[in-house]
Amino acid sequence: GAGARELYGPQDPLTILDRSSLPWTLYNSSSAWLLEFYSSWCGHCVQYAPTWKLLAGDVKDWDPAIKIAVIDCASEDNTETCKQYSIQYYPSFRFFRAFSKEFTQGEGYKKDADHDVQTVRQLMIEFLQNSPTESKAPACPSLEPIEPSQVSALISRKDPHYTAVIFESPDSFVGREVMLDFVQYDGLVVRRALDTDKEALKQLGVASVPSCYLIYPNGTHGLLNNLKPLRSLFSSHLKTLPGVRKKKLMQAAITTKPAKEPSASADWKTFDKSKMYMADLESGLHYLLRVEVATHETLEGDELRVFKDLITILYKLFPGRPHVARLLETLQDWLVSMPLDEIPYNAILDLVNNKMQISGIHLTSRLQWVGCQGSEPGLRGYPCSLWKLFHTLTVQAAAQPNALANTALEDNHGAVLQTMRRYIKHFFGCRDCAGHFESMAKESMDEVKTLNEAVLWLWKKHNKVNKRLAGAASEDPRSPKVDWPTPDMCPACHGEVKGVHEWNEDEVLRFLNQHYGSQDILLRYAD
Ligand code: FAD
């Protein structure tokens, strides 16, 4: 309606329906739907919107089986539609089965049910499980339990994929939740088994439920012992198994070659994904200075200002080795002493390449990716190093609050983020990425008030990008895009509140400080 507040927008992980899209969206759909009829002027709907969005995000991976949608009955265009569904109170909820061939009213939703995320999620499961065969979404696996005795058959089968068996009590939903979390993933099959046959459980060493028993493609098997027994932790851990991948998005699938098994090429460098490598940071710096910015023949105006600020930040905060630190210092001194409005980039390249033969200055001119190496050419590399560079810089800024004193950036807690934002906008070669990053920055970067908030802001936004890119063509099968840090890297970072995953941000901050702190950067493979 005119002037009404929009409760849901295109950035939310759900489908917004209206009079014209509703019928063809729900009619003969290959997935089931859960639709909220709301009214943007109803106070309770306004209050409830964040919960509905949280739910939609929480079950986003279930999309092929069941999707979440909304329709605004306060919009005059939609009034007639809401009337057809006999909606009298807001919010009202209706389930729709897959493949409905008629203009269904939708199945009712338990009237007095709590509407918190966990309860609605369980109603969704019951709805899927109780749907008659002819209206089962093909993507929805059978949610019925297997017998504990069948587990030993699975173990001896040597399937080419992982099998995870969730052992649980009959009233637990964890197994079915994890099963649905993987409907878009290859490489893993999830089953559930009840804890009724105590003898079978004992033989497998299952002492408490819920617990997750994992069978590897090579036949090894065992309990995942060191995970908190929560749905979100089971799922995020299972997503990190090598070879477990989100299925290619339809759009990406058209343009990419058939998925290949990750190849272990001869010059693959083994590395520890929980460590930082100087070779990545220096290769990234080399690419940034000698290739990316060098596509601009002269720097002037905004571009020059961004470049100067970036060099100031690098000089003050980059945890580099002495020969790199000297290069950054020399660049910084030179730029500060140059009152020019316009600098030919060749002059900067001369400095970077140390044409003046100043002693003790050097920056590798080789791309040597380690933690950022891709399993195929074109994957990972520079963009990976750029993320790592800026995470490192935000962490260093928080560790040294006075580092930017006496520079043009002093007293600005957002200096690193804002410089990153301007760098991405003016120089980052991937223009699509730059557009996406700019819109995230516009949304909330200005709310960052402290150095620690800057560290967490970048972490959060990077995870948002990871979520968007899971299954995209640029995803390396060896480095799946997942919520980071994963539970195995930082168990304390993860928890659940009322059945919904929640980060412990104090722990995340501690983890980021340690991961991107300078003491921890390995020199292996660095020139
Ligand atoms: P990356 O995402 O590059 O991550 C590098 C490393 O950072 C990881 O290996 C991990 O060690 C660590 N890490 C992962 N998540 C986090 C986190 N949340 N916090 C801290 N550290 C973390 N590609 C697109 O296709 N579309 C885009 O719109 C897009 N936008 C981008 C915007 C920016 C600003 C940048 C720098 C890159 C963008 N990219 C985009 C590239 C994409 O994000 C990846 O960098 C690229 O696909 C390589 O992925 P990767 O597997 O090396 O991991």
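A quick note: this is a predicted structure, and the numbers were derived from the prediction, not measured. Values reported hereafter were calculated over all heavy atoms of this structure, with side chains retained and with hydrogens, waters and symmetry mates removed. Both counts, for ligands and for their atoms, begin at 1 and track the order of listing.
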- Message: Is it the case that over 12 heavy atoms from other parts of the model lie below 6.0 angstrom from the NZ atom of Lys425?
- Response: no
- Message: Looking at non-hydrogen atoms alone, which of Phe437, Tyr423, Trp459, Tyr516 comes nearest to atom 34 (C) of ligand 1?
- Response: Phe437
- Proximity to ligand 1 by part of Asp476, non-hydrogen separation under 4.0 Å: neither
- Query: Just by distance, do the side chain of His494 and the backbone of Pro485 share a donor-acceptor pair under 3.5 Å?
  - Reply: yes
- Query: Within the side chain of Glu329, is there an N or O that forms a donor-acceptor pair under 3.5 Å with the backbone of Arg326?
  - Reply: no
- Does Arg380 reach ligand 1 with a nitrogen or oxygen that is under 3.5 Å from one of the ligand's nitrogen or oxygen atoms? yes
- Query: Which atoms of ligand 1 have any heavy atom of Pro383 under 4.0 Å away?
  - Reply: 36 (C), 41 (C), 45 (O)
- Is there a heavy atom of Ser474 sitting under 4.0 angstrom from any atom of ligand 1? yes
- Out of Ala441, Cys433, Ser439, whose heavy atom sits nearest atom 29 (C) of ligand 1? Cys433
- Message: Does Asp341 have more than 12 heavy atoms from other residues, nucleotides or ligands lying within 6.0 Å of its CG?
- Response: no
- Message: Determine whether the aromatic ring centres of residues His462 and Trp387 are separated by less than 6.0 angstrom.
- Response: yes
- Item | Protein heavy atom at shortest distance from atom 5 (C) of ligand 1 | Cys384 SG, 3.4 Å
- Look at the side chain of Asp12 and the backbone N and O of Tyr8, then say whether any donor-acceptor pair between them is shorter than 3.5 Å. no
- Query: Which atoms from ligand 1 have a heavy atom of Ile424 less than 4.0 Å away?
  - Reply: 34 (C)
- Item | disulfide bond (SG atoms under 2.5 Å apart) partners for Cys372, two or more places apart | Cys384
- Message: Tell me the contacting part of Val465 for ligand 1: side chain, backbone, both, or neither, using a 4.0 Å heavy-atom threshold, strictly below.
- Response: side chain
- Query: Considering only the protein, which heavy-atom contact is closest to atom 43 (O) of ligand 1, and what is its distance?
  - Reply: Trp387 NE1, 2.9 Å
- salt bridge (Lys or Arg N to Asp or Glu O under 4.0 Å) with Asp350: which residues, sequence neighbours excluded? Lys355
- Give the residue and atom name of whichever protein heavy atom lies nearest to atom 10 (C) of ligand 1, and the separation in Å to one decimal. Trp484 NE1, 3.5 Å
- Which is closest to atom 14 (C) of ligand 1 by heavy-atom distance: Arg468, His436, His462? His462
- Task: From the options Lys53, Gln118, His501, Arg121, select the one residue that forms a side-chain hydrogen bond (donor to acceptor under 3.5 Å, both in side chains) with Asp58.
- Result: Arg121
- Phe390 touching ligand 1 at heavy-atom level, < 4.0 angstrom: no
- Does Glu303 offer a backbone N or O that forms a donor-acceptor pair with the side chain of Arg422 under 3.5 Å? no
- Could a heavy atom of Lys481 be found less than 4.0 Å from some atom of ligand 1? yes
- Between the side chain of Ser235 and the main-chain N/O of Val178, is any donor-acceptor distance below 3.5 Å? no
- Item | Under 4.0 Å to a heavy atom of Leu469 - the qualifying atoms of ligand 1, by number | 23 (N), 24 (C), 25 (O), 26 (N), 40 (C), 42 (C), 43 (O)
- Of all the heavy atoms in Lys460, does at least one lie under 4.0 Å from an atom in ligand 1? no
- Indicate, as side chain, backbone, both or neither, the part of Lys388 found under 4.0 angstrom from ligand 1 when only non-hydrogen atoms are considered. side chain
- Query: Are any of the heavy atoms in Asn466 under 4.0 Å away from ligand 1?
  - Reply: yes
